[in-house]
Amino acid sequence: MGDSSLNPLVLIGVGTSFAFSGLFYHLYQEKKKELKMLKEIPNFKPDDHLLKVLNASPHKRLQYVAVEGVVQADGEALPSKFVPRCHGVIQKVLVEEHWEYWNSVTRIWTSRTIQKNETNNSVPFSLVQPGSYISKAYVKVQNPLEASGCYMETVYSKVRRAQEGLADMVAQRLSGEKPVAMVESEQMLRVGSNLIGFGEVVLEGGQVIRLQAPQDGRRYILVPSDYRSFMERHEASASMWKTLTALTGLTGASVFASILYNAFGKQDDRSR
């Protein structure tokens, strides 16, 4: 029983492998469940088929669906503040200052970010069928700022480092604070980008289709992607967790089997 394969580090390694295998299996099951729920959500494009389905639906309403389309401004789009020939329908300009403060207890400088200014602009926009910027069927996106999801793209970011002179350094030591940098950035939901909206779809006046927050409490989500790529990313994530589950489980089982053989199998061979 004094075999080196029974040392505590090996046993800890086996236990860790099985623990990670259990964790990865749990994540795989969660992603699998999420993927199943996503596949159950009806997927539409802004076309005549969606119009027909809405006309045939009770109250001309679909409670929770996915609508995939291309972003198009209903009127004049927003020009980027910094990037030429860049237009969008939602714009966020953010100015942040990064400071360092002297901690007299730990005797080190600690970082802190201060938001100095934030400007948000938006114009009404719709989703149209990919490849068709002039279409009778379109879906107006209602209150997009209420939706969750990282659908904004950073189109500009600039860091301005603080300039320090001798007098500044002395003043900073006395005050216990010093500026490090100022960051100015711009995010936009650009015209022509692919977008999926998860929410409630209603037909108004027999022709105007609106995507809005669901009344049943489910999440209103905007995703910057086409539907196929969105689903492929989720399937790849599930496959990754499944592979990691198998790898860590097999590794732990193989090492554990080797330990058992070295501890007991060789003794049986000697007794013969």
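Just the heavy atoms: all of them, side chains too, but no hydrogens, waters or symmetry mates, feed the values below. One is the number of the first residue; the rest follow in order along the sequence. The structure displayed is predicted, hence computed values, not measured ones.
- A single hydrophobic cluster is seen to contain both I209 and F44, as judged by linkage of ILVMFWY side chains at heavy-atom distances under 4.5 Å, directly or through other members.
- Paired with E34 under the rule side-chain hydrogen bond (donor to acceptor under 3.5 Å, both in side chains), one option of K36, K32, K31 passes, and it is K31.
- Looking at heavy atoms from C-beta onward, K33 lies out of side-chain contact with L35 at the 4.5 angstrom threshold.
- Taking CG of L244 as the start and OG of S239 as the end, the distance is 9.5 Å to the nearest 0.5 Å.
- For the residue pair E186 / S80, a side-chain donor-acceptor distance below 3.5 Å is found, with atom types taken as modelled.
- M188 is not connected to L94 by any chain of hydrophobic side-chain contacts under 4.5 Å among Ile, Leu, Val, Met, Phe, Trp and Tyr, and they are in different clusters.
- S225 and N194 share no donor-acceptor pair across their side chains, judged by distance under 3.5 Å alone.
- In terms of modelled atom types and a separation under 3.5 Å, the side chain of Y156 and the main chain of V93 share no donor-acceptor contact.
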Requested in this report: For Y101 and R112, run side chain to side chain contact (heavy atoms under 4.5 Å, CB included): C-alpha distance rounded to whole Å, both residues' side-chain angles, the deciding distance at 0.1 Å, then the answer.
Outcome: CA-CA 8 Å; Y101 294 86; R112 186 181 301 174; 3.8 Å; yes
Report task. Let me see the working for E118 and K92 under side chain to side chain contact (heavy atoms under 4.5 Å, CB included), right down to the final yes or no. Result -> CA-CA 7 Å; E118 180 179 331; K92 177 180 177 181; 3.4 Å; yes
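- Under 3.5 Å, the side chains of Q63 and E200 contain no donor-acceptor pair of N or O atoms.
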Report task. Output, in order, the C-alpha distance, side-chain angles, deciding distance and verdict of ring pair (Phe, Tyr, Trp, His ring centres under 6.0 Å) for Y28 and F24. Result -> CA-CA 6 Å; Y28 166 64; F24 293 147; over 10 Å; no
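- Pairing each heavy atom of Y220 with each of G199, the nearest pair is CD1-CA, 4.3 Å.
- Side-chain contact between L195 and V70 is absent, with no heavy atoms from C-beta onward closer than 4.5 Å.
- To the nearest 0.5 Å, atoms CD (E97) and CG (N117) are separated by 10.5 Å.
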Query raised in the report: Given the rule in the side chain to side chain contact (heavy atoms under 4.5 Å, CB included) test, do T243 and T245 qualify, once you have shown the distances and angles that lead to the verdict?
Result: CA-CA 5 Å; T243 301; T245 299; over 6 Å; no
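- For the atom pair L222 CG and C150 SG, the distance stands at 11.0 Å (nearest 0.5 Å).
- Nearest heavy-atom pair, A181 versus V159, reported as atom, atom and distance to 0.1 Å: CB-CG1, 3.9 Å.
- Looking at T251, its side chain does come within 3.5 Å of a backbone N or O of L247 through a donor-acceptor pair.
- Under a hydrophobic clustering in which Ile, Leu, Val, Met, Phe, Trp and Tyr are joined whenever their side-chain heavy atoms come within less than 4.5 Å, directly or via other members, V223 and L38 fall into the same cluster.
- In this structure, F18 and F256 have perpendicular ring planes: the angle between them is above 60°, well past the 30° mark.
- Judged by distance alone, the side chain of D48 and the main-chain N or O of L51 form no donor-acceptor pair under 3.5 Å.
- Residue M231 is not grouped with residue V65 when hydrophobic side chains (ILVMFWY) are merged at heavy-atom distances under 4.5 angstrom, including chains of intermediate members.
- Taking both residues in full, the closest heavy atoms of H87 and P79 are given as CD2-CA, 3.7 Å, listed atom of the first, atom of the second, then distance.
- Atom CD of residue E68 and atom OG of residue S229 lie 8.5 Å apart, to the nearest 0.5 angstrom.
- Residues F198 and Y64 share a closest heavy-atom pair of CB-OH, 3.5 Å.
- Using a 4.5 Å heavy-atom threshold, the side chains of V67 and V201 count as touching.
- Considering CD of Q142 and OG of S126, their distance stands at 10.0 Å, rounded to 0.5 Å.
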